[in-house]
Amino acid sequence: MSDDKSTLENMADAAGAKLKEGADRARAAGHDLASNFGGTVDNLKDKAEAAEDRAKAEVHNAEAHAEYNSGKREAQDGDGH
C-alpha cells in the first residue's frame with residue numbers, strides 16, 4: 001500500500017487481492033478433496049498444501065481489507081489521490 005495511490009488504484013488492488021484469496025481457497029478445497037484419495041504420503045502432502053493455501057488466502061484477505069480501507073480513506077479526504 002502506498003499513500004500516493006488513488007482511490008481507484010486502491011480499490012483495484014483490493015479487488016485483485018480478493019480474486020487471489022478466492023483462488024487460494026479453491027486450491028485448498030482441491031487439496032482437501034485430493035487428501036481423501038491416494039496413499040498416506042499423498043494425503044499428508046495434500047493436507048499440508050491445503051493448509052498453506054488457506055494461510056495464503058488469509059494474507060490476501062488482509063491485503064484486500066487494508067487496500068479497501070486505504071481507498072475509502074482516500075475517497076473521504078476529498079482529493080482523490
- Task: Decide yes or no for Arg27 and Glu49: does some side-chain heavy atom of the first lie under 4.5 Å from some side-chain heavy atom of the second?
- Result: no
- Starting at CD of Glu67, measure out to CG of Asp13 and round the result to the nearest 0.5 Å. 4.5 Å
- Task: Taking all non-hydrogen atoms of both residues into account, name the closest pair between Ser6 and Glu74 and its distance.
- Result: C-CG, 4.3 Å
- Query: For Ala34 and Asn43, which heavy atoms make the closest approach, and how far apart are they?
  - Reply: O-OD1, 4.2 Å
- Message: Using every non-hydrogen atom in the two residues, find where Asp32 and Ala50 come nearest and quote the distance to one decimal.
- Response: OD1-CB, 3.2 Å
- Task: Mind checking the CD-CD spacing from Glu21 to Glu63? Nearest 0.5 Å is all I need.
- Result: 10.0 Å
- Query: Are the side chains of Arg25 and Glu58 in touch, meaning some heavy atoms are under 4.5 Å apart?
  - Reply: yes
- Query: To the nearest 0.5 Å, what is the distance between CG (Asp42) and NZ (Lys45)?
  - Reply: 7.0 Å
- Answer yes or no: is there a donor N or O on one side and an acceptor on the other, between the side chain of Ser35 and the main chain of Lys47, under 3.5 Å? no
- Query: Is there a donor-acceptor pair closer than 3.5 Å between any side-chain N or O of Asn61 and the backbone N or O of Ala57?
  - Reply: no
- Message: Would you compute the distance between atom CG of Leu19 and atom NE2 of His60 and round it to the nearest 0.5 angstrom?
- Response: 10.5 Å
- Message: Surrounding NZ of Lys18 (heavy atoms of other residues, nucleotides or ligands, distance under 6.0 Å), is the total greater than 12?
- Response: yes
- Item | NE2 on His31 to CG on Leu33, rounded to 0.5 Å | 11.0 Å
- Query: Taking atom CE of Met11 and atom OG of Ser70, what is their separation to the nearest 0.5 Å?
  - Reply: 8.5 Å
- Please report the closest heavy-atom contact between Gly71 and Thr7, naming both atoms and the distance. O-CG2, 3.4 Å
